[in-house]
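Have a look at the structure below before the remarks.
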2 protein chains.
Amino acid sequence: MTQCGLDVSLSIIGGKWKPLILYHLQDGPTRFSEIRRRVGGISEKVLIQQLRELVAMNVLVRHDHQQVPPVVDYTLTPFGGTLVQALVPLCEWGNQNRARVADML
Amino acid sequence: MTQCGLDVSLSIIGGKWKPLILYHLQDGPTRFSEIRRRVGGISEKVLIQQLRELVAMNVLVRHDHQQVPPVVDYTLTPFGGTLVQALVPLCEWGNQNRARVADML
DNA sequence: GATGGCGCTTACCTTTTGGTATGTTCTACC
DNA sequence: GGTAGAACATACCAAAAGGTAAGCGCCATC
């Protein structure tokens with residue numbers, strides 16, 4: 001049986017939003033406001049917070065296009081990419097069990 | 001690209017402890033105190049809370065052996081088993097990146 | 001010239017989550 | 001007879017996380 005590395009993963013993707021954010025960055029560089037729309041329900045304040053933390057952990061890179069009005073996008077690093085892949089099964093599990101879980105709430 | 005089911009999974013395993021608890025239940029029925037020892041660092045109050053929620057979501061079953069002093073154990077349901085399997089990649093990811101992540105903190 | 005969008009920041013407040021400490025009932029052990 | 005351990009319950013408290021609301025500098029559009 002593999003040793004438990006969940007503590008490590010959870011230290012990065014812990015919290016309500018990070019997994020969702022990462023998921024929505026799979027298609028390449030994405031602008032702040034676009035991420036916000038895709039994730040849905042998250043406030044700007046919280047989104048920036050989470051993005052900063054992910055950048056600090058080298059999961060994302062922030063690219064400021066130095067334009068005005070501002071254009072900034074966020075991209076998964078290769079490291080972040082491996083994380084997202086580890087998230088895929090959970091994503092699929094959720095889809096397969098959406099109805100069942102909804103009934104229980 | 002698969003639709004995002006992370007919201008569903010997160011509604012079940014959200015929080016600091018649930019993934020860890022599930023992980024440590026992989027080897028079959030486990031007693032309360034044994035879970036506590038395996039997880040490590042969790043208080044009794046919080047552990048019971050989490051276990052109750054997992055039982056309510058049909059991820060675990062609680063078996064009270066009707067003995068005194070009390071003997072109670074918790075077991076993954078088949079449903080819970082599928083969830084744990086979806087957690088495995090994250091677990092492995094954590095192991096592979098433990099050193100790297102530790103450096104960043 | 002008011003409005004709206006961009007990517008934020010700040011201050012403040014509420015909710016959620018987790019932690020500590022203590023108590024309970026009963027048995028086994030020293 | 002004092003202690004320890006089983007599986008909790010309860011009360012209280014601290015910390016973390018998240019949400020709300022406002023504002024900012026600048027530009028484009030109506």
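Every chain is numbered from 1, with letters handed out A, B, ... down the list of sequences.
Nucleotide C:dC6 holds its C1' atom 13 Å from the CD atom of A:E34, rounded to whole Å. Rounding to whole angstrom units, CH2 of residue B:W17 and C1' of C:dT17 are separated by 12 Å. We find that CG of A:L51 is positioned 8 Å from P of C:dC8, with the value rounded to whole Å. Note: NZ (B:K45) to P (C:dT17) measures 11 Å, nearest angstrom.
At the phosphate of C:dT17, neither OP1 nor OP2 sits under 4.0 Å from any side-chain N or O atom of B:Q50. Listed pair B:K16 / C:dG19 meets the phosphate criterion, a side-chain N or O lying under 4.0 Å from OP1 or OP2.
Remark: A:V68, A:P69, A:P70 in residues 54-75 of chain A come within less than 4.0 Å of DNA chain D through at least one heavy atom.
Separating the CZ atom in A:R37 from the OG1 atom in A:T30 is a distance of 11.0 Å, to the nearest 0.5 Å. One distance of note links CG of A:L47 with CG of A:L20; it measures 11.0 Å at 0.5 Å rounding. Rounding to the nearest 0.5 angstrom, the gap separating the CZ atom in B:R98 from the OG atom in A:S9 is 8.5 Å. Distance OG/A:S11 to NZ/B:K16: 11.5 Å, rounded to 0.5 Å.
Projected onto DNA chain D by closest heavy-atom contact, B:F32 and A:V46 fall at different nucleotides, the more 5' of which corresponds to B:F32. In this structure, A:G14 and A:E44 both approach DNA chain D, and ranking their closest nucleotides by distance from the 5' end singles out A:G14.
No contact: A:E53 has no heavy atom under 4.0 Å from any strand. Contact annotation for B:R36: no contact, since no heavy-atom pair falls under 4.0 Å across all strands. Residue contacts shown for A:S43 include a base, since a base heavy atom lies under 4.0 Å away.
With a cutoff of under 4.0 Å to any heavy atom of chain B, the contacted region of DNA chain D is bounded 5' to 3' by D:dG5 to D:dA11.
Listed for the A:Q26 side chain is a donor-acceptor partner under 3.5 Å among the backbone atoms of A:Y23. Under a 3.5 Å cut-off, the side chain of A:T77 and the backbone N or O of A:N58 do form a donor-acceptor pair.
When all heavy atoms are compared, the tightest approach of B:M104 to A:F79 is CE-CE2, 4.1 Å.
Residues meeting the salt bridge (charged side-chain N to carboxylate O under 4.0 Å, His left out) test with B:R62, sequence neighbours left out: B:D64.
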| So B:W93 and A:L87, side-chain contact (heavy atoms from CB on, under 4.5 Å) or not? Walk me through it. | CA-CA 10 Å; B:W93 187 92; A:L87 242 45; over 6 Å; no

